[in-house]
2 protein chains.
Amino acid sequence: MAIDTTPSSLTPLSPILEAAQECFVEQGYHGTSIRVIAARAGLSVPGLYHHYRSKQQMLQDVMKHAMTSLYRQSEDALAAAETDPLAQFNALVGCLVRFHAFERAPAFIAYSEIRSLDEEARREHIARRDAQQRLMDQVVEAGVAAGEFTTPHPTEASRAIVTMCTSVAQWYRMDGPLTPDELVDRYLAIARMTIGARG
Amino acid sequence: MAIDTTPSSLTPLSPILEAAQECFVEQGYHGTSIRVIAARAGLSVPGLYHHYRSKQQMLQDVMKHAMTSLYRQSEDALAAAETDPLAQFNALVGCLVRFHAFERAPAFIAYSEIRSLDEEARREHIARRDAQQRLMDQVVEAGVAAGEFTTPHPTEASRAIVTMCTSVAQWYRMDGPLTPDELVDRYLAIARMTIGARG
DNA sequence: CTCTTCCGACCGAGCGATCGCTCGGTTTAG
DNA sequence: CTAAACCGAGCGATCGCTCGGTCGGAAGAG
């Protein structure tokens with residue numbers, strides 16, 4: 001029985017999109033030619049176009065996959081946690097940190113290539129981004145309403161916490177000084193201080 | 001006597017680099033052709049190349065200007081503040097927030113186009129970025145040593161604070177719901193909670 | 001003062017290379 | 001035999017960049 005070695009990714013990407021994702025991370029969308037995607041995927045250029053309509057569509061699929069993966073994991077984490085505000089908060093922050101630390105490629109693209117999306121796809125992406133932010137907003141709001149969180153600025157604190165977790169994708173290395181567990185523990189502690197969790 | 005209307009920018013950019021900067025923000029470096037930079041600057045393509053060696057050099061100049069502006073402002077803010085840790089911290093966080101809110105274009109490019117830099121320029125840029133981070137690290141360290149800041153994770157908290165300030169450039173709008181003063185006040189309050197400032 | 005020279009600022013046209021993408025096939029699995 | 005999977009070659013467009021100039025104003029010569 002095989003062990004799932006990609007704990008954060010619910011559904012795997014196709015090899016082609018995986019290749020495209022890596023190229024987009026390293027060179028950016030406009031800096032990546034379809035020829036290097038094809039070479040990385042072990043295909044010819046027409047081989048690529050047999051599976052995907054355009055380079056733009058590859059980007060859209062990669063970004064949609066990233067956002068829906070994160071959202072689904074967030075929902076699961078919230079559903080699996082106790083219902084009190086602090087437990088919900090810990091679950092969501094932990095999920096955010098893990099995703100951005102262990103799924104760096106999709107996480108990085110999800111916020112660095114927004115401007116490369118066609119207008120309609122960009123609107124959809126931003127809607128997904130806002131929905132993700134709203135999860136945190138609601139958890140923080142609930143904690144403030146329950147008197148568990150003492151921050152005087154729930155909206156801004158919520159955004160600050162999401163962005164500090166998001167940017168973990170920019171610097172975290174699995175082989176760096178912090179183990180995954182240490183990383184999550186420390187960011188949980190920091191995030192709790194940021195919203196002013198009691199205790 | 002003229003009033004300086006660009007409070008965050010110590011030295012102005014040339015009109016050409018200003019045009020390049022705007023294009024890079026909107027389309028990204030690889031998504032921007034020199035022809036659109038030229039059009040935006042009101043010049044022909046050879047006109048551009050009379051002043052700058054290459055598109056790459058324009059990017060390097062824009063990014064270097066952004067980083068050195070921020071660093072100089074940070075030094076000035078620290079020098080102008082009282083020497084106690086909390087005052088130094090407030091000065092540095094305020095400076096960071098103001099720069100990323102009011103100088104959105106250079107701030108955005110400074111962290112979104114790193115991968116578009118040539119290898120040597122990228123090394124230099126990252127060195128400047130690290131120096132900027134070190135300013136915050138030192139202030140936080142001093143506060144922890146003085147018993148003013150209670151965070152159990154100074155290094156990670158320092159990075160979290162810098163990144164939450166940095167990402168202000170991604171969403172803040174001058175004509176949005178938050179006035180500049182409100183923005184700075186709230187981020188100061190949030191950052192103080194994040195490092196666990198007493199009182 | 002005029003005339004000549006010179007130089008920095010600028011541009012029309014276009015170079016070779018590469019871009020995203022497609023045509024007209026062949027190969028391969030069932 | 002069919003259909004999905006795949007590819008060599010190459011299309012028109014655009015890329016970064018340059019060639020060979022024009023032009024106006026400052027500087028020097030008479």
Side-chain angles (χ1 to χ4, degrees), chain A residues 11-65 105 109 112-122 124-125, chain B residues 11-65 105 109 112-122 124-125:
Chain A
T11 57
L13 273 180
S14 77
I16 293 176
L17 290 185
E18 195 75 47
Q21 188 176 74
E22 290 167 17
C23 292
F24 293 159
V25 167
E26 291 166 21
Q27 320 281 346
Y29 175 74
H30 289 297
T32 299
S33 76
I34 52 159
R35 280 163 244 263
V36 332
I37 300 177
R40 195 139 180 170
L43 286 178
S44 66
V45 170
L48 277 196
Y49 280 92
H50 179 74
H51 296 277
Y52 297 95
R53 208 179 319 119
S54 64
K55 185 174 118 174
Q56 172 68 209
Q57 200 211 345
M58 296 180 206
L59 177 66
Q60 294 181 11
D61 286 2
V62 162
M63 292 183 74
K64 181 169 184 176
H65 183 267
I109 289 176
S112 66
E113 291 297 350
I114 299 176
R115 67 187 165 194
S116 302
L117 287 170
D118 282 352
E119 189 162 318
E120 190 189 337
R122 185 164 58 241
E124 291 175 11
H125 177 86
Chain B
T11 56
L13 274 180
S14 77
I16 292 176
L17 290 185
E18 196 74 47
Q21 189 176 75
E22 290 167 15
C23 293
F24 294 159
V25 167
E26 291 167 20
Q27 322 280 347
Y29 176 74
H30 289 297
T32 300
S33 77
I34 53 157
R35 278 163 245 263
V36 331
I37 298 176
R40 193 140 181 170
L43 285 178
S44 66
V45 170
L48 276 195
Y49 281 91
H50 179 76
H51 297 276
Y52 297 95
R53 209 178 319 116
S54 62
K55 186 174 116 175
Q56 172 68 211
Q57 200 211 345
M58 295 180 204
L59 177 65
Q60 293 181 12
D61 286 2
V62 163
M63 291 184 74
K64 180 169 184 175
H65 183 266
I109 289 175
S112 67
E113 292 296 349
I114 300 177
R115 67 187 165 192
S116 302
L117 287 170
D118 282 352
E119 189 163 318
E120 189 189 339
R122 187 164 56 241
E124 291 175 11
H125 177 86

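Here the structure is a predicted model, which means the values were calculated and not measured. Reminder, nothing fancy here: chain letters follow the sequence lines and each chain counts from 1.
Summarising the geometry, the separation between CG on B:Leu48 and P on D:dC15 is reported as 14 Å, rounded to the nearest angstrom. Look at CD on A:Gln57: it is 10 Å from P on C:dC21, rounded to the nearest Å. Look at NE2 on B:His51: it is 18 Å from C1' on D:dG16, rounded to the nearest Å. Going from atom CD of A:Gln56 over to atom P of C:dG20 covers 12 Å, rounded to whole Å. Nucleotide C:dC11 holds its P atom 13 Å from the CD1 atom of B:Ile34, rounded to whole Å. One can place CG of A:Leu43 at 16 Å from C1' of C:dC21, the figure rounded to the nearest angstrom. The distance between atom OH of B:Tyr52 and atom P of D:dT18, rounded to the nearest whole Å, is 17 Å. Protein atom CD of B:Gln27 is 12 Å distant from nucleotide atom P of D:dG16, rounded to whole Å.
Side-chain N/O atoms of B:Ser33 include none lying less than 4.0 angstrom from OP1 or OP2 on D:dT14.
Side-chain N or O atoms of B:Lys64 include none that pairs as donor or acceptor with a backbone N or O of B:Ala121 at under 3.5 Å. Counting only distance, with no hydrogens or angles, the side chain of B:His125 and the backbone of B:Glu113 share no donor-acceptor pair below 3.5 Å. Under a 3.5 Å cut-off, the side chain of B:Gln56 and the backbone N or O of B:Asp118 do form a donor-acceptor pair.
A salt bridge is defined here as a Lys NZ or Arg NE, NH1 or NH2 lying under 4.0 Å from an Asp or Glu carboxylate O, and A:Arg115 with B:Glu26 fails to meet this definition.
Between C:dT22, D:dC15, C:dC19, one nucleotide has an atom nearer to the side chain of B:Arg35 than all others, and that is D:dC15. You'll find that the side chain of B:His50 is closest to C:dA9, out of C:dA9, C:dC11, C:dC23. Side-chain atoms of B:Ser44 lie closest to C:dG12 of the nucleotides D:dC6, C:dG12, C:dT22. Taking only side-chain atoms of B:Lys55, from C-beta outward, the nucleotide of D:dG16, C:dG20, D:dA5 with the closest atom is D:dG16. Comparing C:dG20, C:dC21, C:dA13 by their closest approach to the side chain of B:Pro46 singles out C:dA13. Candidate nucleotides D:dC6, C:dC19, C:dC21 were compared by shortest atom distance to the side chain of A:Tyr49, and C:dC21 ranks first.
There is a side-chain donor-acceptor pair under 3.5 Å between B:Tyr52 and B:Ser14.
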